[in-house]
Peer 1: 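Pasting in a structure now, in structure tokens, and then I'll have a few things to ask.
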2 protein chains.
Amino acid sequence: MNFESTALDSAFMALADPVRRSIIARLSRGPATVNELAEPFEISKQAVSKHIQVLEQAQLVTRTRDAQRRPVHLNPARLEALTAWINQYRLVREEQFRSLDAVLQSSAGHHGAKAKEKP
Amino acid sequence: MNFESTALDSAFMALADPVRRSIIARLSRGPATVNELAEPFEISKQAVSKHIQVLEQAQLVTRTRDAQRRPVHLNPARLEALTAWINQYRLVREEQFRSLDAVLQSSAGHHGAKAKEKP
DNA sequence: AGGTTGATAAACAAGTTAGTTGATTAGCAA
DNA sequence: TTGCTAATCAACTAACTTGTTTATCAACCT
């Protein structure tokens with residue numbers, strides 16, 4: 001079983017917070033400093049800094065250096081990795097529907113839904 | 001600011017766990033019962049049942065009734081909602097690259113990167 | 001050097017999550 | 001009824017997350 005868990009773990013976890021998603025949204029319009037990113041929120045700058053660390057650890061953002069500022073940049077590649085994971089199962093499901101359709105047409109009326117196949 | 005947070009919160013949070021993602025992967029091959037879903041894992045059935053509750057609350061899966069069994073089904077629509085959110089910012093970023101390209105071509109050599117514009 | 005600004009580190013409180021074990025409900029089969 | 005199976009509920013622990021406050025670091029500016 002293909003468990004490359006931790007990368008996806010941290011990425012999905014990072015997006016499971018409205019503040020962090022809002023930061024992503026803002027960064028999609030261009031890089032920004034921690035102060036700029038913290039401005040729209042009621043929470044402290046330190047808290048926003050931690051959120052950015054979470055996003056950075058998930059590799060959803062990167063940071064560069066500009067004097068004392070540490071601008072944050074979006075990393076679109078990581079976002080695409082997430083859509084890739086999701087699409088993997090969304091597409092499989094569409095195939096599933098086609099097979100199900102075939103089964104229903106060939107043996108219509110089979111009631112016992114005891115699926116017990118093992119991979 | 002368009003905050004329809006909680007739905008995305010629970011969905012991303014639900015996928016931030018390898019056990020739950022593995023359950024999604026298994027369900028993409030067709031519905032399964034709690035016992036069947038619990039089999040590949042070392043943890044107890046109760047723990048898997050809780051994971052399924054998390055997925056259900058996030059509306060990533062639904063459950064039907066078959067006697068004492070409660071088969072779990074994937075809900076692909078919710079997965080598409082996540083890709084929709086992500087693509088929203090991935091696409092914006094591509095536009096951003098085009099604008100950045102234009103800026104760099106028109107004023108090449110500008111050194112003071114003191115971005116301070118406010119939306 | 002001294003002062004200010006941008007950002008982080010460390011320590012803590014409060015809340016949440018993931019897992020456990022033990023008991024309980026609900027349906028099916030004799 | 002009795003027993004078996006599928007699944008959940010309840011109570012509890014351990015670990016983690018989010019936010020705070022206080023203190024520190026690094027780079028710039030007179």
Side-chain angles (χ1 to χ4, degrees), chain A residues 3 5-6 8-23 26-27 31-58 60-73 111-116, chain B residues 5-6 8-24 26-27 31-58 60-73 111-118:
Chain A
F3 270 124
S5 301
T6 52
L8 288 172
D9 280 8
S10 54
F12 278 122
M13 182 65 158
L15 294 183
D17 183 292
V19 170
R20 291 194 289 259
R21 282 201 308 280
S22 187
I23 289 174
R26 179 119 190 228
L27 291 178
T33 66
V34 175
N35 269 325
E36 290 165 352
L37 290 170
E39 209 175 303
F41 301 106
E42 294 295 311
I43 61 179
S44 68
K45 262 185 277 191
Q46 289 91 331
V48 173
S49 189
K50 280 197 199 173
H51 279 301
I52 293 170
Q53 281 178 17
V54 172
L55 289 168
E56 191 182 18
Q57 197 181 349
L60 287 164
V61 305
T62 57
R63 323 181 79 149
T64 54
R65 193 96 208 219
D66 171 28
Q68 4 30 342
R69 272 155 225 128
R70 254 141 286 197
V72 186
H73 304 252
H111 76 296
K114 239 178 205 170
K116 187 70 185 192
Chain B
S5 302
T6 51
L8 288 172
D9 279 9
S10 55
F12 278 122
M13 183 63 158
L15 293 183
D17 184 291
V19 171
R20 290 193 289 258
R21 282 201 308 281
S22 186
I23 289 173
I24 292 286
R26 179 118 192 229
L27 290 178
T33 65
V34 175
N35 269 324
E36 289 164 353
L37 291 171
E39 209 175 303
F41 301 106
E42 294 295 311
I43 61 179
S44 67
K45 262 184 279 192
Q46 288 93 328
V48 173
S49 190
K50 280 197 198 173
H51 279 302
I52 293 170
Q53 280 177 21
V54 171
L55 289 168
E56 191 181 19
Q57 197 180 350
L60 288 164
V61 305
T62 57
R63 324 181 77 151
T64 54
R65 194 97 209 218
D66 171 29
Q68 52 300 46
R69 271 155 226 129
R70 255 142 285 197
V72 186
H73 304 251
H111 75 297
K114 242 178 200 169
K116 189 71 186 192
E117 81 283 354
K118 250 180 113 177

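In what follows, chains are A, B, ... by sequence order, proteins preceding strands, each numbered from 1. These values consider heavy atoms only, across backbone and side chains, with no hydrogens, waters or symmetry-generated copies.
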Peer 1: Rounded to the nearest Å, what distance is computed from the CZ atom of residue F12(B) to the P atom of nucleotide dT17(D)?
Peer 2: 18 Å
Peer 1: Do the side-chain N or O atoms of S49(A) get closer than 4.0 angstrom to the phosphate oxygens (OP1, OP2) of dT8(C)?
Peer 2: yes
Peer 1: Run the side-chain contact (heavy atoms from CB on, under 4.5 Å) test on I23(B) and V48(B) for me, step by step, so that the C-alpha distance in whole Å, both residues' side-chain angles and the decisive distance to 0.1 Å come before the verdict.
Peer 2: CA-CA 9 Å; I23(B) 289 173; V48(B) 173; 4.3 Å; yes
Peer 1: Give the rounded distance in Å between these two atoms: CG of D9(B) and P of dT16(C).
Peer 2: 13 Å
Peer 1: Is there a side-chain contact between R70(B) and V34(B), using heavy atoms and a 4.5 Å cut-off?
Peer 2: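 No, their side chains stay 4.5 Å or more apart.
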Peer 1: Check the distance between dA6(D)'s P and E39(B)'s CD and give it to me in whole angstrom.
Peer 2: 11 Å
Peer 1: Using atom types as modelled and distance alone, determine if a side-chain donor or acceptor of S10(B) lies under 3.5 Å from a backbone N or O of T6(B).
Peer 2: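 The answer is yes, because a donor-acceptor pair under 3.5 Å joins these two groups.
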Peer 1: Can you tell me if R26(B) uses its side chain to pair, donor with acceptor, with the backbone of E36(B) under 3.5 Å?
Peer 2: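 Yes, because the side chain of R26(B) sits within donor-acceptor range (under 3.5 Å) of the backbone of E36(B).
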Peer 1: Just one of R20(B), R63(B), K50(B) clears the salt bridge (charged side-chain N to carboxylate O under 4.0 Å, His left out) bar with E56(B), so which one?
Peer 2: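 Going through the options one by one, the only one that passes is R63(B).
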Peer 1: Any side-chain to backbone donor/acceptor pair from S22(A) onto P18(A)? Under 3.5 Å, distance only.
Peer 2: no
Peer 1: Quick one: is Q53(A) getting a side-chain N or O under 4.0 Å of the dA7(C) phosphate, OP1 or OP2?
Peer 2: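 Answer is no, no contact under 4.0 Å.
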Peer 1: Rounded to whole angstroms, how far apart are CZ on R21(B) and C1' on dA18(C)?
Peer 2: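 Result: 15 Å.
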Peer 1: Whole angstroms only, please: what is the CD1-P distance between I52(B) and dA7(D)?
Peer 2: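 Roughly 8 Å, once rounded to whole Å.
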Peer 1: Checking contacts here: which listed nucleotide (dT21(D), dT17(C), dT20(C)) is nearest the side-chain heavy atoms of I43(B)?
Peer 2: dT20(C)
Peer 1: I'd like to know if the side chain of R21(B) and the backbone of V19(B) have a donor-acceptor N/O pair within less than 3.5 Å.
Peer 2: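 Looks like no, no N/O pair under 3.5 Å.
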Peer 1: Does dG19(D) have OP1 or OP2 under 4.0 Å away from a side-chain N or O of H51(A)?
Peer 2: yes
Peer 1: Nearest whole angstrom, please: distance from the P of dT5(C) to the CG of N35(A).
Peer 2: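 It is 11 Å, rounded to the nearest whole Å.
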Peer 1: Starting at CG of L55(B) and ending at C1' of dT17(C), how long is that distance when rounded to a whole Å?
Peer 2: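 Rounded to the whole Å, the gap is 14 Å.
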Peer 1: Indicate for each nucleotide in nucleotides 23-30 of chain C, in 5' to 3' sequence, whether protein heavy atoms under 4.0 Å reach the base (B), only the sugar-phosphate (S), or nothing (-).
Peer 2: ---SBS--
Peer 1: So, OP1 or OP2 of dT8(C): does either fall under 4.0 Å of a side-chain N or O from R69(A)?
Peer 2: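 Answer no for this pair, as no side-chain N or O of R69(A) is under 4.0 Å from OP1 or OP2.
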Peer 1: Using a 4.0 Å heavy-atom cut-off, does K50(B) contact any base of the nucleic acid, only the sugar-phosphate backbone, or nothing at all?
Peer 2: base
Peer 1: Does T33(B) have a side-chain nitrogen or oxygen under 4.0 Å from the phosphate oxygens OP1 or OP2 of dA6(D)?
Peer 2: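 Indeed not, no polar side-chain atom of T33(B) lies that close.
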Peer 1: Give the rounded distance in Å between these two atoms: CD of E36(A) and P of dT5(C).
Peer 2: 16 Å
